[in-house]
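Beneath this line is the structure, given in structure tokens, with notes to follow.
A, B, ... follow the sequence lines: proteins, then strands. Residue 1 opens every chain. Heavy-atom basis, side chains included; hydrogens, waters and symmetry copies ignored. Quantities reported herein were computed from a predicted structural model and do not represent experimental measurements.
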Amino acid sequence: MALRFYNTLTQTVEDFVPADGQTVRMYTCGPTVWNYVHIGNLRTFTSQDILRRWLQYRGLKLMHVMNITDVDDRIIQQSAAAGQSIYEYTSQYTDAFFTDTGKVRLQRPEQVCKATDHIGDMVKLIEGLTANGCTYESEGSTYFRIASFPEYGKLAHLVFEGLKAGARVDSDKYDKDNARDFVLWKAKKEGEHFWQTPLGDGRPGWHIECSAMAMRYLGETLDIHAGGVDLVFPHHENEIAQSEACTHKPFARFWLHTEHLMVEGQTMSKSLGNFYTLRDLLEKGYAPETVRYLLASVPYRKQLNFTFDGIQAADTAIKRLRNYALRLKTSKFPEGVSAKLAERASAANAQFETALDDDLNTAGALGAIFEYVRETNTAMDAGEFLAGNVAGALDVLARFDKVFEVLEPTAAGGGMDDAAIEALTAERAQAKKSKNFARSDEIRKQLLEAGIILEDTKDGTRWKRK
RNA sequence: GGCGCGGUAGCCAAGUGGUAAGGCAGAGGUCUGCAAAACCUUUAUUCGUCGGUUCGACUCCGAUCCGCGCCUCCA
């Protein structure tokens, strides 16, 4: 089955192939670096990481660009309140962003770009729009005239006929011809950071950075543009308008949007007290890969209800897979290879791949893996799983982990080293042999306190870290 | 009001015109010096509700109820 995605632009699931057949040129809206990432942000970024990994799994090359919005109203306010320049203020949150996303094992895009490094590209784009008659100036600011782009609304599928200009209360302080017109370049305000440009002293509007940087690095038509659902309107709609009105070419072929998450069935918000950053969760003792698993396990187009029961379930599910991997690596299986089980491994891989090809159905993919794990565990218990089947099973896990990447535990740091554990395990084996169960249990307890769990099997004792 | 998404077991969740994946939790059992791991059995005659189409619908159509999102800054 072909790889396919739901495209917000057409509201249908479409087969996906990059325009040049091999390299996916993709742009995702990155963070506004004024705070630490919360789990809602992380859900979107995690879904994009799954997307990246799946495209690579399918043999495609990637040119993925993500922006860092390091100048906007909130940043200007917050940095002023903190008595810092916008650069000082945003650099700490930019660093924190990569630290946090690194912990949940998000791959870094091929190109990360900051808005403030691309003011020149934005100015050029705005000048191009002006040359095409799509802009107007008012009190030093430059606006995009929506009336100049008849297709406005095609992404969000909004119809604006009947809307009276100025009918909506405009919270923005700048004057506009039409309430829907949006600002490309904001005139300088006293005390605010600004750039001197041919457009006048000021700073960029919110939407222009994405168009300018996306086209700068990826050309006029991208294969994929992705973000959270809340960006569909007005952000992505405006990106389309300002890009296409300039180039007269489609800005992006596929638009992918990740649904929001809820927390314990409610919208996440600070006022409800259910607002969590990744740092909050890690402080509560959850492993970053557990958060990753939970966020990735629900398909990206479905709202995800984030609960503490859910994160607990994710933790247990990961342990099950780790135990399975441990069993594969430490057990002695009879010689030979079971053709039936080899076939079963191929079938599991096929199911896994079919699910992810189908608009990244992560829940379906996980189902394929767990079903395979249970069946092969049963075969192992029955003595039907043979030594020659180990490689195939490890391959199933490896394919899974290429996408989900949760099997390797995050190092807790400190603790006992492997040699010391092996020595105690050996001593305990001796004690058990001579039926000295008191000493045997003492060692088990000692290791448990150090976070090491011992498991006695017919092939000897194996250990793992908690 | 307009546009869009969703309602499947205690919780999370896949699926689809042919008779309900998977994970977690619960109960019982097997194995075990202890413990752990693993496995087995068990938990939806039923997929928000009501109609319709069909040999057959959870899956298609209509209506209806409920939840959520966007329409203004927002992942």
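The distance between atom CD of A:Glu259 and atom C1' of B:A75, rounded to the nearest whole Å, is 11 Å. Atom CZ in A:Phe182 sits about 12 Å away from atom P in B:C73, given to the nearest Å. Note: CZ (A:Arg327) to P (B:C31) measures 16 Å, nearest angstrom. A:Gln351 has its CD atom 16 Å from the P atom of B:A14, to the nearest Å. Atom CG in A:Asp359 sits roughly 11 Å away from atom P in B:G6 (whole-Å rounding).
OP1 or OP2 of B:C12 has not a single side-chain nitrogen or oxygen of A:Thr307 nearer than 4.0 Å. Phosphate contact (OP1/OP2 of B:A37, side-chain N/O of A:Asn323, threshold under 4.0 Å): absent. Taking only side-chain nitrogens and oxygens, A:Asn361 comes nearer than 4.0 Å to OP1 or OP2 of B:G15. Taking 4.0 angstrom as the limit, A:Arg322 places none of its side-chain polar atoms (N or O) nearer than this to OP1 or OP2 of B:A36. OP1 or OP2 of B:C24 has not a single side-chain nitrogen or oxygen of A:Lys319 nearer than 4.0 Å. Under 4.0 angstrom from either OP1 or OP2 of B:G22 there lies at least one side-chain N or O belonging to A:Arg374. Within the structure, every side-chain polar atom (N or O) of A:Thr457 is placed at least 4.0 Å from both OP1 and OP2 of B:A38. For A:Arg301 and B:G4, the shortest distance from a side-chain N or O to OP1 or OP2 is not below 4.0 Å.
Side-chain contact, A:Arg105 with A:Thr410: a donor N or O sits under 3.5 Å from an acceptor N or O. For A:His118 and A:Tyr217, the side-chain atoms include at least one donor-acceptor pair closer than 3.5 Å. Donor-acceptor pairing under 3.5 Å is recorded for the side chains of A:Thr10 and A:Thr12.
Below 30°, between 30° and 60°, or above 60°: for A:Trp255 and A:His225 the angle between ring planes is below 30°, a parallel geometry. A tilted orientation is assigned to the rings of A:Tyr276 and A:Phe306, their planes being inclined by 30° to 60°. The aromatic rings of A:Phe16 and A:Phe5 lie tilted to each other, with the angle between the two planes from 30° to 60°.
A:Pro299 comes within 4.0 angstrom of the backbone, heavy atoms only, and of no base. Contacts of A:Asp456 with the nucleic acid, taken as non-hydrogen atoms under 4.0 Å apart, include base atoms. Note on A:Ala317: only backbone sugar-phosphate atoms sit closer than 4.0 angstrom, heavy atoms only; bases stay farther off. Here A:Leu448 lies out of heavy-atom contact (under 4.0 Å) with every strand.
Nearest to the side chain of A:Arg320, among B:C24, B:G2, B:G33, sits B:C24. Proximity note for A:Thr378 (side chain, C-beta onward) versus B:C39, B:G7, B:G2: the nearest is B:C39. You'll find that the side chain of A:His38 is closest to B:A75, out of B:C34, B:A75, B:A37. Considering only the side chain of A:Arg444, B:A35 comes nearest among B:A35, B:C24, B:C68. For A:Arg462, whose side chain is taken as the heavy atoms from C-beta onward, the closest listed nucleotide among B:G22, B:A37, B:A75 is B:A37. The side chain of A:Pro234 approaches B:U72 more closely than any other nucleotide in the set B:C34, B:A38, B:U72.
Comparing the P positions of B:C24 and B:U59 gives an interatomic distance of 30 Å, to the nearest angstrom. When the C1' atom is used for both B:C58 and B:C50, the distance is 15 Å, rounded to whole Å.
Of the two residues contacting RNA chain B, namely A:Leu304 and A:His157, the nearest-nucleotide position lying further toward the 5' end is that of A:His157. With the nearest nucleotide of RNA chain B identified for both A:Asp381 and A:Met268, A:Asp381 has the one nearer the 5' end.
A stacked arrangement is assigned to A:Phe437 and the six-membered base ring of B:G33, with a centre-to-centre distance below 5.5 Å and an interplanar angle below 30°.
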